Amino acid sequence: MILIRIGLFDHAEGLFLLSSSDEYNPDLKTDPGIIKLAEEAGIKHVAVLVGYKEGEIEHKLKASKMQWTLLKPGEFMANALVDWQDSIQNDGTVHKPFGDARSSRIHEGDIAAVAVTALMEGGHHGKSYLLTGKEVLSRREAVQTIGVVLGRSIAFNEMTEPEARLNWAAQEYEEEDIDSLF
């Protein structure tokens with residue numbers, strides 16, 4: 001917050017907030033006080049990348065006098081690559097549950113382009129945008145596509161529910177969160 005007070009917002013009219021992380025239990029905790037400071041600094045429009053659900057930042061923003069736009073992406077394209085890269089490199093297999101689950105993964109650059117548009121063009125105040133990629137693929141299909149791009153075969157090993165639960169527990173997911181994934 002010290003940076004704001006020394007002029008970080010000087011001459012700024014818009015603000016993009018990343019208030020959450022795609023990581024489980026991230027160390028990213030945006031202080032909701034940023035909304036009051038932005039308003040006091042004269043920010044006119046704030047775009048927020050919303051996590052799994054709206055939280056205190058979004059509620060304070062909606063209650064402010066500033067314009068706001070909420071960006072709600074589905075699955076990030078990079079998540080699959082980060083989550084799958086080690087097993088692809090190590091044994092040429094992706095080990096995950098829900099092989100037939102379909103998702104329209106979105107590239108982070110596309111999310112950024114929407115944020116810029118929301119902040120730079122009029123007409124986006126009070127809107128919540130669900131952001132998706134242009135193609136819906138199952139996990140199996142996504143793995144197959146990665147294999148085609150890499151020029152080699154990559155297998156998909158569908159984890160059973162008990163295997164997936166053990167895997168997520170080892171990653172320190174809370175039992176309630178694991179239940180919600182199923």
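Atoms considered below: every heavy atom in the structure, side chains included; atoms not considered: hydrogens, waters and symmetry mates. Numbering of residues begins at 1 and proceeds along the displayed sequence. Here the structure is a predicted model, which means the values were calculated and not measured.
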* Structure fact -> Distance col, row Ser104:OG vs Met77:CE, nearest 0.5 angstrom, shows 8.0 Å
* **For Glu13, side-chain hydrogen bond (donor to acceptor under 3.5 Å, both in side chains) partners two or more places apart** => none
* Gln67 side, atom CD; Leu61 side, atom CG - distance, nearest 0.5 Å -> 10.5 Å
* Can you tell if the side chain of Ile146 reaches within under 4.5 Å of the side chain of Val94, non-hydrogen atoms only? -> no
* Asked: Crowded around Lys60 NZ? As in, over 12 foreign heavy atoms under 6.0 Å?
  -> no
* Examine Leu70 and Met66 and state if one hydrophobic cluster contains both, with Ile, Leu, Val, Met, Phe, Trp and Tyr joined whenever side-chain heavy atoms are less than 4.5 Å apart. => yes
* Asked: Out of curiosity, Trp68 CH2 to Lys127 NZ, how far, rounded to the nearest 0.5 Å?
  -> 10.0 Å
* Asked: If you look at every heavy atom in Pro73 and Ile106, which pair is closest and at what distance?
  -> CB-CG2, 4.1 Å
* Might you point out which heavy atoms bring Glu54 and Ser128 nearest each other, and give the distance in Å? => OE2-OG, 4.5 Å
* Would you call Thr69 and Val114 a side-chain contact if the rule is heavy atoms closer than 4.5 Å? -> no
* To do: Looking only at non-hydrogen atoms, find the nearest pair between Ser138 and Gly99 and report the distance.
  => CB-O, 3.5 Å
* When rounded to the nearest 0.5 angstrom, what is the spacing between CG in Asn79 and CH2 in Trp84? -> 10.0 Å
* Which atom pair, heavy atoms only, marks the closest approach of Val46 to Ile43? -> CG2-CG2, 3.9 Å
* Taking the side chain as every heavy atom from C-beta outward, state whether Leu71 and Phe16 have any atom pair closer than 4.5 Å. => yes
* To do: Mark yes or no for whether Glu108, through its side chain, and Ala78, through its backbone, hold a donor-acceptor pair below 3.5 Å.
  => yes
* **Worked check of salt bridge (Lys or Arg N to Asp or Glu O under 4.0 Å) between Arg140 and Glu158** => CA-CA 9 Å; Arg140 288 181 210 288; Glu158 184 157 5; 2.3 Å; yes
* Asked: Side chain of Arg105, backbone of Gly133: donor and acceptor closer than 3.5 Å?
  -> no
* Ion pair Glu58/Lys62, N-O distance below 4.0 Å -> no
* Ser103 versus Glu75, side-chain donor and acceptor atoms under 3.5 Å -> yes
* Asked: Can you name the closest pair of heavy atoms from Ala47 and Leu119 and give their distance?
  -> N-CD2, 3.7 Å
* Could you state the interatomic distance from CG (Leu166) to CD1 (Ile178), rounded to the nearest 0.5 Å? -> 8.5 Å
* Looking at side-chain heavy atoms only, is the closest gap between Arg152 and Ile88 below 4.5 Å? -> yes
* Asked: Will you find, in the side chains of Gln171 and Asn167, an N or O donor that is under 3.5 Å from an N or O acceptor?
  -> yes
* Just wondering, are more than 12 heavy atoms of other shown residues or ligands nearer than 6.0 Å to CD in Glu39? -> yes
* **Straight-line distance of Leu131 CG to Ile111 CD1, nearest 0.5 Å** => 6.0 Å
* To do: Report yes if the side chains of Tyr173 and Arg165 come closer than 4.5 Å at any heavy-atom pair, otherwise no.
  => no
* Is it the case that one hydrophobic cluster holds both Ile154 and Leu81, taking links as side-chain heavy atoms less than 4.5 Å apart, direct or via other members? -> yes
* **Nearest heavy atoms of His45 and His125, plus distance in Å** => CE1-N, 4.2 Å
* Exercise: do His124 and Thr117 side chains pair donor with acceptor under 3.5 Å -> no
* Asked: Do Phe156 and Leu150 belong to the same hydrophobic cluster, where Ile, Leu, Val, Met, Phe, Trp and Tyr are linked whenever their side-chain heavy atoms lie under 4.5 Å apart, directly or via other members?
  -> yes
